[in-house]
2 protein chains.
Amino acid sequence: MNNGSHTLTDKETPSAVASHRIASLIRDQILDGSLAPGERIRQEEFAERFGASRIPVKEALRLLESDGLVTLVANTGAWVSRMSEEECVEAYQIRERLEPLLLRESLKNLDDATIDALDALAAEMEAGADVETFLRLDRQFHLLSYSAARTTALAEIIQRLWNSTQHYRRAYTLLVGIEHNQISHSHHHLIVDALRRRDPDDAESALVSHIRRTRSELSRHPEVFG
Amino acid sequence: MNNGSHTLTDKETPSAVASHRIASLIRDQILDGSLAPGERIRQEEFAERFGASRIPVKEALRLLESDGLVTLVANTGAWVSRMSEEECVEAYQIRERLEPLLLRESLKNLDDATIDALDALAAEMEAGADVETFLRLDRQFHLLSYSAARTTALAEIIQRLWNSTQHYRRAYTLLVGIEHNQISHSHHHLIVDALRRRDPDDAESALVSHIRRTRSELSRHPEVFG
DNA sequence: TAACCACCGATTGCATCCAATATCAACACA
DNA sequence: TGTGTTGATATTGGATGCAATCGGTGGTTA
């Protein structure tokens with residue numbers, strides 16, 4: 001889905017094809033926050049920005065629409081998708097059911113070196129830094145914990161959900177500060193511990209409570225969706 | 001996603017737009033079996049068949065690719081997606097986690113009349129008929145049981161999974177015959193019973209065992225994927 | 001005889017041009 | 001003064017034509 005370094009499914013996307021390349025560029029801009037929800041995307045403007053015609057931009061927007069990142073209205077235009085609180089909560093409900101399954105699948109093939117790396121990441125997060133580093137390390141931690149899974153369709157659905165909620169996750173973290181998310185460190189350690197013991201059920205339940213906690217936190221801060 | 005009558009999410013797809021209309025037509029052909037997995041889809045051929053240019057066909061193929069129904073290779077062509085046994089099993093693993101959630105969400109708003117209708121459908125299936133009727137009623141039963149859910153993203157993911165596995169479900173049923181799926185009737189009755197008692201946990205577990213049974217049956221008949 | 005290379009047809013990807021549609025502002029009218 | 005209507009403008013959707021790329025076939029050579 002994404003050609004960036006922070007990808008989950010590295011399927012060979014022919015980025016030689018302009019429409020896919022453009023889709024990746026726009027996607028990155030949405031994910032890193034330079035394109036905020038509600039902002040309009042004009043085909044002509046982006047076409048000349050990327051030095052291409054409007055056709056590949058149009059197709060790129062279609063791709064992003066199916067990712068849920070862009071909302072298209074016929075004969076009218078394209079906007080960066082805006083999520084309501086209900087939609088975001090729904091995404092977390094789905095993640096709560098699916099990510100444990102992905103973690104379980106990954107655990108089947110997870111080697112000790114990767115578990116050590118996860119441990120190191122959890123410790124590094126605890127050292128504390130700025131919000132952007134916190135978000136980056138958190139993403140890295142979870143993606144690495146899923147990296148040994150061979151279930152590509154599942155990974156793709158989950159990556160989609162991560163992407164579509166990314167903006168609101170950042171907004172929430174910026175709002176409450178990382179010190180308010182200290183409890184996440186405990187969750188991460190619990191997950192690493194369960195993985196090291198090769199206990200899939202325990203790993204699942206630790207991850208469930210981690211995701212559920214974030215969901216309820218988001219519900220307590222509806223101003224993120226204003 | 002789909003403009004046909006057998007749709008789950010009736011979001012206003014502007015079918016005035018040619019690319020969406022064409023996507024629906026091709027999707028229907030894939031779902032009803034007239035376009036089998038592995039078959040090639042030539043842009044020019046389908047363009048003149050639908051009385052349009054190649055551009056909307058190309059965009060329609062992109063849409064179908066993101067639905068997982070079509071596989072695109074750059075500068076080479078498009079084929080109806082073919083699933084391996086592993087991919088199909090993976091789809092069922094995901095369904096096993098997600099559909100119970102959708103059923104639970106639906107149950108919150110399900111009225112008694114709909115439950116009666118589900119009961120009637122379960123009975124009608126038991127009366128027995130040909131394979132095609134069996135498949136149609138089964139689909140109708142489950143979609144109706146989900147119809148009161150307001151979680152659109154969840155419904156969309158599940159519809160996608162149904163669509164991508166539809167061909168293999170049909171192949172399996174044709175192979176073993178409907179009499180071999182008598183046990184499904186019991187599952188359906190269990191689900192209706194749990195819904196009538198407004199017991200979400202019981203409804204979930206009945207549905208889980210229903211889906212899991214189908215998954216293991218599919219694993220026992222790998223020739224479906226030959 | 002088998003393997004390798006060059007060429008050619010077929011098919012898709014992209015750019016340019018034209019048509020259709022929505023948005024917005026000015027204007028007439030009650 | 002408020003409202004409905006109508007026109008101009010901006011923006012997207014689609015058709016045609018050309019360039020780029022892939023797959024197969026024939027010929028050549030070791």
Side-chain angles (χ1 to χ4, degrees), chain A residues 1-3 11-27 29-30 35-82, chain B residues 1-3 11-27 29-30 35-82:
Chain A
M1 292 183 55
N2 187 341
N3 270 348
K11 65 189 297 187
E12 22 74 33
T13 311
S15 62
V17 180
S19 48
H20 284 203
R21 187 173 46 83
I22 292 175
S24 284
L25 290 170
I26 298 180
R27 192 192 342 261
Q29 288 194 21
I30 295 175
L35 247 59
E39 268 192 63
R40 182 153 192 188
I41 300 178
R42 261 174 266 267
Q43 292 184 4
E44 204 162 6
E45 176 190 339
F46 278 73
E48 74 171 334
R49 181 182 303 180
F50 297 132
S53 159
R54 270 177 37 223
I55 301 279
V57 175
K58 189 196 306 189
E59 293 187 2
L61 290 176
R62 286 243 134 88
L63 289 172
L64 294 170
E65 182 194 26
S66 70
D67 284 354
L69 289 178
V70 162
T71 303
L72 259 73
V73 180
N75 291 314
T76 306
W79 288 262
V80 179
S81 291
R82 182 197 296 278
Chain B
M1 291 184 56
N2 187 340
N3 271 348
K11 65 188 298 188
E12 20 74 33
T13 311
S15 62
V17 180
S19 47
H20 284 203
R21 187 172 47 81
I22 292 175
S24 284
L25 289 170
I26 299 180
R27 192 192 341 263
Q29 288 196 21
I30 295 176
L35 247 59
E39 267 192 62
R40 182 152 193 189
I41 301 178
R42 263 174 265 267
Q43 291 185 3
E44 206 162 5
E45 176 191 338
F46 278 73
E48 75 171 335
R49 181 182 304 180
F50 298 132
S53 160
R54 272 177 33 225
I55 301 279
V57 174
K58 188 200 305 189
E59 293 187 1
L61 290 177
R62 287 243 132 89
L63 289 172
L64 294 170
E65 182 193 28
S66 72
D67 284 354
L69 289 178
V70 162
T71 303
L72 260 73
V73 180
N75 291 316
T76 305
W79 289 263
V80 179
S81 291
R82 182 196 297 277

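Model, not experiment: these values are computed from the prediction. All chains are named by letter (A, B, ...) in the order of the sequence lines, taking the proteins before the strands, and each is independently numbered beginning at 1.
One interatomic measurement links the two molecules: CZ of A:Arg21 to P of C:dC14, which rounds to 9 Å at whole-angstrom precision. The nearest whole Å value for the distance from the CZ atom in B:Arg42 to the C1' atom in C:dA10 is 9 Å. Rounded to whole angstrom, the span from the CD1 atom of B:Ile41 across to the C1' atom of C:dT12 amounts to 14 Å.
To the nearest 0.5 Å, atoms CG (A:Leu72) and OG (A:Ser81) are separated by 9.0 Å. Summarising the geometry, atom CG belonging to B:Leu25 is positioned 11.5 Å from atom CG belonging to B:Leu35; distances are rounded to the nearest 0.5 Å. Note that OG of A:Ser19 and CZ of A:Arg62 are 12.5 Å apart. Values are rounded to the nearest 0.5 Å.
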Query raised in the report: How would nucleotides 18-23 of chain C be written as a contact map, 5' to 3', with B for base contact, S for sugar-phosphate-only contact and - for no contact, using protein heavy atoms under 4.0 Å?
Result: ---SSS
Determine all donor-acceptor pairs shorter than 3.5 Å in which one atom belongs to a side chain in residues 36-45 of chain A; sequence neighbours excluded.
{"residue": "A:Glu39", "atom": "OE2", "partner": "A:Ala36", "partner atom": "N", "Å": "3.1"}
{"residue": "A:Arg40", "atom": "NH2", "partner": "A:Thr76", "partner atom": "O", "Å": "2.5"}
{"residue": "A:Gln43", "atom": "OE1", "partner": "A:Arg54", "partner atom": "NE", "Å": "3.3"}
{"residue": "A:Glu45", "atom": "OE2", "partner": "A:Arg49", "partner atom": "NH2", "Å": "2.9"}

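Side-chain atoms of A:Ile55 and A:Glu59, non-hydrogen and from C-beta on, do get closer than 4.5 Å to each other. For the pair A:Arg27 and A:Ser24, the minimum side-chain heavy-atom distance is below 4.5 Å.
Across all strands, B:Ala78 comes closer than 4.0 Å to no nucleic acid atom at all (heavy-atom distances).
Among the nucleotides D:dG14, C:dT12, D:dT11, the one closest to any side-chain atom of B:Gln43 is C:dT12.
Within residues 57-64 of chain A, the residues approaching DNA chain D are A:Lys58, by heavy-atom distance under 4.0 Å.
The salt bridge (charged side-chain N to carboxylate O under 4.0 Å, His left out) test applied to B:Glu65 returns no partner, not counting sequence neighbours.
Here the options are B:Leu69, B:Ile26, B:Thr71, B:Ile30, the test is side-chain contact (heavy atoms from CB on, under 4.5 Å), and the partner is B:Val80; only B:Ile30 passes.
For the pair B:Glu44 and B:Ile55, nearest-nucleotide mapping onto DNA chain C gives the more 5' position to B:Glu44.
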